[in-house]
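Before any comments, here is the structure.
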Amino acid sequence: MMYKSEEEFLKAYNPDDYERLSMTTDILIFSISDEEHENYRKSSKKYMSVLLVKRDDYPFKDKWCLPGGFLDVHEELEDCPVRILERETNLKDIYLEQLYTYGSINRDPRMRVVSTTYMALVDKNRLKDKLNSNASWFNITYFEEKDDVLVILDNGNETIKFKIGKTLRDKTTDRYKFSVLENDSLAFDHPVVIWAGIERLKNKIGYTDVVFNMMPELFSLGDLQQVYEVILNKKLLAPAFRRIIADKVEKTEHVQGGEGHRPSALFRYKKN
(Lines give C-alpha, C1' and ligand atoms only; values in the text may rest on other atoms or scores of the structure.)
Protein backbone atom coordinates (compact mmCIF):
# COMPACT_ATOMS: atom_id res chain seq x y z
CA MET A 1 0.00 0.00 0.00
CA MET A 2 1.25 3.45 -0.90
CA TYR A 3 0.81 6.29 1.57
CA LYS A 4 0.51 9.96 0.66
CA SER A 5 2.02 11.32 3.87
CA GLU A 6 3.80 10.43 7.09
CA GLU A 7 0.62 11.12 9.01
CA GLU A 8 -1.37 8.68 6.86
CA PHE A 9 1.28 5.99 7.35
CA LEU A 10 1.38 6.43 11.14
CA LYS A 11 -2.41 6.29 11.36
CA ALA A 12 -2.48 2.95 9.53
CA TYR A 13 0.67 1.55 11.17
CA ASN A 14 0.23 -1.67 13.15
CA PRO A 15 3.38 -2.98 14.91
CA ASP A 16 2.00 -6.52 14.81
CA ASP A 17 2.46 -6.45 11.03
CA TYR A 18 6.24 -6.56 11.50
CA GLU A 19 8.44 -9.40 12.69
CA ARG A 20 10.31 -8.60 15.88
CA LEU A 21 13.76 -9.31 17.20
CA SER A 22 15.55 -8.60 20.46
CA MET A 23 18.79 -6.72 21.00
CA THR A 24 21.41 -7.65 23.58
CA THR A 25 24.84 -6.43 24.61
CA ASP A 26 27.67 -8.81 25.50
CA ILE A 27 30.89 -7.48 27.00
CA LEU A 28 34.32 -9.01 26.64
CA ILE A 29 36.19 -7.85 29.76
CA PHE A 30 39.95 -8.36 29.55
CA SER A 31 42.47 -7.87 32.34
CA ILE A 32 45.89 -9.13 33.43
CA SER A 33 46.35 -11.75 36.15
CA ASP A 34 49.47 -12.75 38.07
CA GLU A 35 50.42 -16.33 38.80
CA GLU A 36 50.73 -16.76 42.55
CA HIS A 37 53.98 -18.13 43.93
CA GLU A 38 55.86 -18.12 47.25
CA ASN A 39 59.24 -16.99 45.94
CA TYR A 40 59.23 -13.24 46.51
CA ARG A 41 62.42 -12.84 44.46
CA LYS A 42 60.74 -14.21 41.36
CA SER A 43 58.67 -11.92 39.15
CA SER A 44 55.07 -13.06 38.80
CA LYS A 45 54.11 -14.73 35.53
CA LYS A 46 51.45 -12.76 33.68
CA TYR A 47 48.29 -14.02 32.01
CA MET A 48 45.67 -12.29 29.94
CA SER A 49 42.33 -13.10 31.55
CA VAL A 50 38.66 -12.77 30.69
CA LEU A 51 35.66 -12.42 32.99
CA LEU A 52 32.95 -15.06 32.53
CA VAL A 53 29.67 -15.68 34.32
CA LYS A 54 27.90 -19.02 34.76
CA ARG A 55 24.30 -19.06 33.58
CA ASP A 56 21.76 -20.13 36.21
CA ASP A 57 18.83 -20.50 33.85
CA TYR A 58 17.94 -21.93 30.46
CA PRO A 59 19.00 -21.78 27.71
CA PHE A 60 22.56 -23.00 28.27
CA LYS A 61 22.00 -23.54 31.99
CA ASP A 62 25.31 -24.05 33.87
CA LYS A 63 27.33 -22.94 30.84
CA TRP A 64 29.81 -20.08 31.02
CA CYS A 65 29.21 -16.92 29.00
CA LEU A 66 30.24 -13.29 28.71
CA PRO A 67 28.49 -10.73 30.92
CA GLY A 68 25.57 -9.28 29.04
CA GLY A 69 21.92 -8.41 28.98
CA PHE A 70 19.00 -7.25 26.91
CA LEU A 71 18.78 -3.71 25.65
CA ASP A 72 15.92 -1.89 27.35
CA VAL A 73 13.39 -0.49 24.89
CA HIS A 74 13.93 3.01 26.33
CA GLU A 75 17.72 2.73 26.58
CA GLU A 76 20.29 4.17 24.18
CA LEU A 77 22.49 1.48 22.65
CA GLU A 78 25.74 2.95 24.01
CA ASP A 79 24.27 3.16 27.54
CA CYS A 80 23.58 -0.57 27.75
CA PRO A 81 27.22 -1.81 27.99
CA VAL A 82 28.03 0.93 30.52
CA ARG A 83 25.17 -0.26 32.73
CA ILE A 84 26.14 -3.92 32.41
CA LEU A 85 29.82 -3.21 33.03
CA GLU A 86 29.09 -1.27 36.20
CA ARG A 87 26.76 -4.04 37.38
CA GLU A 88 29.41 -6.74 36.86
CA THR A 89 32.59 -4.90 37.96
CA ASN A 90 31.45 -1.80 39.90
CA LEU A 91 33.66 0.26 37.61
CA LYS A 92 32.88 3.44 35.71
CA ASP A 93 34.77 5.41 33.08
CA ILE A 94 36.95 2.56 31.85
CA TYR A 95 38.10 1.73 28.35
CA LEU A 96 35.20 0.39 26.29
CA GLU A 97 34.90 0.02 22.53
CA GLN A 98 32.38 -1.61 20.22
CA LEU A 99 33.68 -4.88 18.82
CA TYR A 100 31.26 -6.48 16.35
CA THR A 101 27.55 -7.17 15.91
CA TYR A 102 26.50 -10.83 15.80
CA GLY A 103 23.16 -11.83 14.38
CA SER A 104 23.18 -15.43 13.16
CA ILE A 105 19.65 -16.72 12.92
CA ASN A 106 20.15 -19.62 15.35
CA ARG A 107 22.58 -18.01 17.83
CA ASP A 108 19.86 -17.96 20.52
CA PRO A 109 17.25 -20.76 20.76
CA ARG A 110 14.65 -18.49 22.38
CA MET A 111 14.11 -16.01 19.58
CA ARG A 112 15.94 -13.97 16.96
CA VAL A 113 18.53 -12.08 19.01
CA VAL A 114 21.14 -9.67 17.67
CA SER A 115 24.03 -8.85 19.96
CA THR A 116 26.24 -5.78 19.79
CA THR A 117 29.45 -6.79 21.53
CA TYR A 118 31.95 -4.56 23.28
CA MET A 119 35.50 -4.98 24.53
CA ALA A 120 36.49 -3.53 27.90
CA LEU A 121 40.02 -3.33 29.32
CA VAL A 122 40.40 -3.07 33.08
CA ASP A 123 43.02 -3.17 35.80
CA LYS A 124 41.78 -5.82 38.24
CA ASN A 125 43.43 -3.96 41.10
CA ARG A 126 40.69 -1.35 40.78
CA LEU A 127 38.00 -3.92 41.57
CA LYS A 128 37.28 -3.09 45.20
CA ASP A 129 34.27 -5.34 45.63
CA LYS A 130 34.12 -9.09 45.22
CA LEU A 131 32.73 -10.53 42.03
CA ASN A 132 29.30 -12.07 41.98
CA SER A 133 29.27 -15.71 43.08
CA ASN A 134 28.57 -16.86 39.51
CA ALA A 135 31.46 -14.84 37.99
CA SER A 136 35.12 -15.80 37.61
CA TRP A 137 38.31 -14.66 35.90
CA PHE A 138 39.75 -17.21 33.47
CA ASN A 139 43.38 -17.08 32.36
CA ILE A 140 43.80 -17.34 28.59
CA THR A 141 46.25 -19.51 26.67
CA TYR A 142 45.99 -19.99 22.93
CA PHE A 143 47.75 -21.98 20.23
CA GLU A 144 47.32 -20.52 16.76
CA GLU A 145 47.75 -22.44 13.52
CA LYS A 146 47.21 -21.33 9.93
CA ASP A 147 43.54 -22.35 9.71
CA ASP A 148 42.45 -22.67 13.34
CA VAL A 149 43.24 -21.71 16.90
CA LEU A 150 42.85 -23.65 20.16
CA VAL A 151 41.92 -21.47 23.13
CA ILE A 152 42.20 -22.71 26.72
CA LEU A 153 40.59 -20.84 29.62
CA ASP A 154 41.43 -21.78 33.20
CA ASN A 155 40.29 -20.32 36.52
CA GLY A 156 42.20 -22.74 38.77
CA ASN A 157 39.18 -24.98 39.30
CA GLU A 158 37.79 -25.47 35.83
CA THR A 159 39.27 -25.61 32.34
CA ILE A 160 37.40 -24.60 29.19
CA LYS A 161 38.65 -25.46 25.70
CA PHE A 162 37.31 -24.40 22.34
CA LYS A 163 38.62 -24.36 18.79
CA ILE A 164 37.99 -21.61 16.26
CA GLY A 165 38.27 -22.02 12.49
CA LYS A 166 39.73 -19.16 10.45
CA THR A 167 38.74 -18.50 6.84
CA LEU A 168 40.35 -15.65 4.92
CA ARG A 169 37.55 -13.30 3.92
CA ASP A 170 39.48 -10.45 2.30
CA LYS A 171 43.12 -10.89 1.29
CA THR A 172 43.66 -7.17 0.73
CA THR A 173 42.81 -6.35 4.36
CA ASP A 174 43.83 -9.68 5.94
CA ARG A 175 40.33 -10.08 7.40
CA TYR A 176 39.16 -13.51 8.55
CA LYS A 177 35.80 -15.10 9.20
CA PHE A 178 35.72 -17.10 12.43
CA SER A 179 33.61 -20.17 13.15
CA VAL A 180 33.30 -22.54 16.11
CA LEU A 181 34.85 -25.94 15.41
CA GLU A 182 34.78 -27.35 18.95
CA ASN A 183 33.01 -26.09 22.07
CA ASP A 184 31.23 -27.74 24.97
CA SER A 185 31.34 -25.23 27.84
CA LEU A 186 30.53 -21.76 26.50
CA ALA A 187 27.05 -20.47 25.71
CA PHE A 188 25.81 -18.87 22.50
CA ASP A 189 28.51 -17.87 20.00
CA HIS A 190 30.80 -16.49 22.70
CA PRO A 191 33.86 -18.52 21.62
CA VAL A 192 33.90 -16.49 18.41
CA VAL A 193 33.42 -13.24 20.35
CA ILE A 194 36.34 -14.04 22.66
CA TRP A 195 38.70 -14.85 19.82
CA ALA A 196 37.60 -11.79 17.83
CA GLY A 197 38.41 -9.67 20.87
CA ILE A 198 41.84 -11.24 21.27
CA GLU A 199 42.55 -10.54 17.60
CA ARG A 200 41.41 -6.94 17.98
CA LEU A 201 43.59 -6.42 21.05
CA LYS A 202 46.63 -8.01 19.36
CA ASN A 203 46.27 -5.59 16.47
CA LYS A 204 45.59 -2.48 18.53
CA ILE A 205 48.56 -2.70 20.90
CA GLY A 206 50.82 -2.31 17.88
CA TYR A 207 49.59 1.18 17.01
CA THR A 208 47.72 2.46 20.11
CA ASP A 209 48.30 2.73 23.86
CA VAL A 210 45.22 0.71 24.91
CA VAL A 211 47.34 -1.81 26.82
CA PHE A 212 47.90 0.75 29.59
CA ASN A 213 44.21 0.50 30.51
CA MET A 214 45.08 -2.96 31.87
CA MET A 215 48.13 -1.83 33.83
CA PRO A 216 48.36 -0.48 37.39
CA GLU A 217 49.47 3.11 37.84
CA LEU A 218 53.06 2.02 38.54
CA PHE A 219 54.79 -0.92 36.86
CA SER A 220 58.21 -2.24 35.95
CA LEU A 221 59.32 -2.46 32.34
CA GLY A 222 59.71 -6.21 32.78
CA ASP A 223 56.06 -6.53 33.82
CA LEU A 224 54.94 -4.35 30.92
CA GLN A 225 56.91 -6.48 28.48
CA GLN A 226 55.28 -9.63 29.89
CA VAL A 227 51.85 -8.13 29.26
CA TYR A 228 52.73 -7.41 25.64
CA GLU A 229 54.07 -10.96 25.29
CA VAL A 230 50.99 -12.72 26.69
CA ILE A 231 48.70 -10.72 24.41
CA LEU A 232 50.84 -11.23 21.31
CA ASN A 233 51.65 -14.82 22.34
CA LYS A 234 55.34 -14.46 21.52
CA LYS A 235 58.61 -13.49 23.15
CA LEU A 236 60.00 -10.00 22.55
CA LEU A 237 63.61 -8.90 22.65
CA ALA A 238 64.04 -6.55 25.59
CA PRO A 239 66.17 -3.89 23.82
CA ALA A 240 63.75 -3.67 20.87
CA PHE A 241 60.73 -3.60 23.18
CA ARG A 242 62.16 -0.78 25.28
CA ARG A 243 62.77 1.30 22.19
CA ILE A 244 59.13 0.78 21.17
CA ILE A 245 57.70 1.96 24.49
CA ALA A 246 60.36 4.58 25.31
CA ASP A 247 58.04 7.50 24.43
CA LYS A 248 55.04 5.94 26.14
CA VAL A 249 56.35 5.70 29.72
CA GLU A 250 58.20 7.83 32.24
CA LYS A 251 60.38 6.73 35.13
CA THR A 252 59.30 7.50 38.70
CA GLU A 253 61.22 7.67 41.97
CA HIS A 254 59.53 4.45 43.12
CA VAL A 255 61.05 0.96 43.00
CA GLN A 256 59.52 -2.50 43.08
CA GLY A 257 59.91 -4.06 46.51
CA GLY A 258 60.39 -7.71 47.43
CA GLU A 259 62.78 -8.59 44.61
CA GLY A 260 66.05 -9.02 46.46
CA HIS A 261 69.09 -6.73 46.27
CA ARG A 262 68.38 -4.94 42.98
CA PRO A 263 64.76 -3.81 42.93
CA SER A 264 63.38 -2.68 39.59
CA ALA A 265 62.55 0.95 38.89
CA LEU A 266 58.84 1.66 38.44
CA PHE A 267 57.37 3.57 35.54
CA ARG A 268 54.04 5.15 34.73
CA TYR A 269 52.16 5.77 31.50
CA LYS A 270 53.07 9.11 29.93
CA LYS A 271 49.69 10.54 28.97
CA ASN A 272 51.02 13.63 27.21
Side-chain angles (χ1 to χ4, degrees), residues 25-33 46-52 66-68 77-78 81-82 84-85 89 91-102 115-126 137-144 149 151 153 164 166-178 189-217 219 221-238 240-250 267-272:
T25 291
D26 294 306
I27 306 179
L28 185 59
I29 307 175
F30 285 136
S31 189
I32 298 297
S33 298
K46 305 293 183 185
Y47 290 92
M48 180 166 54
S49 52
V50 59
L51 184 66
L52 299 179
L66 299 172
L77 179 61
E78 61 269 21
V82 175
I84 293 171
L85 194 59
T89 67
L91 290 180
K92 298 179 181 179
D93 301 323
I94 68 173
Y95 182 85
L96 185 70
E97 72 167 79
Q98 190 174 130
L99 191 58
Y100 295 106
T101 297
Y102 294 90
S115 176
T116 302
T117 62
Y118 289 79
M119 179 176 71
L121 306 179
V122 304
D123 170 17
K124 286 169 57 178
N125 297 319
R126 292 179 57 196
W137 288 102
F138 282 77
N139 293 338
I140 303 171
T141 306
Y142 65 89
F143 303 91
E144 193 170 3
V149 56
V151 181
L153 310 178
I164 297 294
K166 302 186 301 179
T167 304
L168 186 62
R169 175 183 291 174
D170 186 346
K171 187 175 182 179
T172 61
T173 59
D174 198 30
R175 291 179 58 203
Y176 284 82
K177 179 181 179 180
F178 303 130
D189 50 6
H190 290 180
V192 169
V193 180
I194 292 173
W195 179 246
I198 293 173
E199 283 276 89
R200 172 76 65 86
L201 185 55
K202 285 169 58 181
N203 290 332
K204 294 203 73 165
I205 65 171
Y207 63 92
T208 73
D209 296 347
V210 293
V211 68
F212 292 98
N213 291 286
M214 308 167 74
M215 300 298 297
E217 181 181 0
F219 48 82
L221 293 185
D223 285 342
L224 180 61
Q225 180 172 334
Q226 273 202 63
V227 172
Y228 271 79
E229 289 175 341
V230 298
I231 294 173
L232 296 172
N233 201 31
K234 66 179 182 180
K235 283 289 185 180
L236 302 174
L237 295 176
F241 171 76
R242 298 195 179 199
R243 285 195 297 270
I244 292 171
I245 54 90
D247 295 333
K248 301 176 184 291
V249 300
E250 58 185 5
F267 292 72
R268 66 165 59 94
Y269 173 54
K270 187 189 300 183
K271 297 182 180 179
N272 298 318

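Since the structure is predicted, the reported quantities are computational estimates derived from the model, not experimental observations.
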Practice problem: For side-chain contact (heavy atoms from CB on, under 4.5 Å), just list the numbers for Phe178 and Val149, CA-CA rounded to whole Å, side-chain angles, deciding distance to a tenth of an Å, and then say yes or no. | Solution: CA-CA 10 Å; Phe178 303 130; Val149 56; over 6 Å; no
Practice problem: Could you pull out all residues at least two apart from Tyr142 that satisfy ring pair (Phe, Tyr, Trp, His ring centres under 6.0 Å)? | Solution: Trp195
Self-check item: Flag side-chain contact, heavy atom, 4.5 Å: Glu199 against Ile164
Solution: no
Practice problem: Could you tell me which residues satisfy ring pair (Phe, Tyr, Trp, His ring centres under 6.0 Å) with Phe138, sequence neighbours excluded, listed by chain and number? | Solution: Trp64
Exercise. Report the distance from atom CZ of Arg242 to atom CG of Leu224, rounding to the nearest 0.5 Å.
Key: 9.5 Å
Quiz prompt | Pairwise side chain to side chain donor-acceptor pair (under 3.5 Å) hits with a residue in residues 227-238, at least two apart | solution = Gln225-Glu229
Exercise. First locate atom CD of Gln98, then atom OG1 of Thr117, and finally report the distance between them rounded to the nearest 0.5 Å.
Key: 7.5 Å
Quiz prompt | Spacing of Thr101 atom OG1 and Leu77 atom CG [to the nearest 0.5 Å] | solution = 7.5 Å
Self-check item: Donor-acceptor contact present, side-chain Ser31 to main-chain Lys124, <3.5 Å
Solution: yes
Quiz item: After noting the C-alpha distance and the side-chain angles of Asp26 and Ile84, does the key distance pass the side-chain contact (heavy atoms from CB on, under 4.5 Å) rule?
Solution: CA-CA 9 Å; Asp26 294 306; Ile84 293 171; over 6 Å; no
Quiz item: Distance from Phe267 atom CZ to Glu250 atom CD, nearest 0.5 Å?
Solution: 10.0 Å
Quiz item: Taking atom CE of Met48 and atom CD1 of Ile198, what is their separation to the nearest 0.5 Å?
Solution: 4.5 Å
Self-check item: Non-neighbouring partners of Glu78 that pass side chain to side chain donor-acceptor pair (under 3.5 Å), sequence neighbours left out
Solution: none
Quiz item: Between Lys202 and Glu144, is the closest basic N to carboxylate O distance under 4.0 Å?
Solution: yes
Quiz item: Say you draw a straight line from CD1 of Ile27 to CG of Leu99; how long is it, rounded to the nearest 0.5 Å?
Solution: 11.5 Å
Self-check item: Those residues that, when tested against Lys204, pass side chain to side chain contact (heavy atoms under 4.5 Å, CB included) (two or more places apart)
Solution: Tyr95, Glu97, Arg200, Tyr207, Thr208, Val210
Quiz item: Between Leu201 and Leu121, is any pair of side-chain heavy atoms under 4.5 Å apart?
Solution: yes
Exercise. Answer whether the closest heavy-atom distance between the side chains of Ile194 and Leu153 falls below 4.5 Å.
Key: yes
Quiz item: In chain order, what residues pass the ring pair (Phe, Tyr, Trp, His ring centres under 6.0 Å) check against Tyr269, with sequence neighbours excluded?
Solution: Phe212
Quiz prompt | Test item: Asn213 and Ile94 side chains (from C-beta on) under 4.5 Å apart, heavy atoms | solution = no
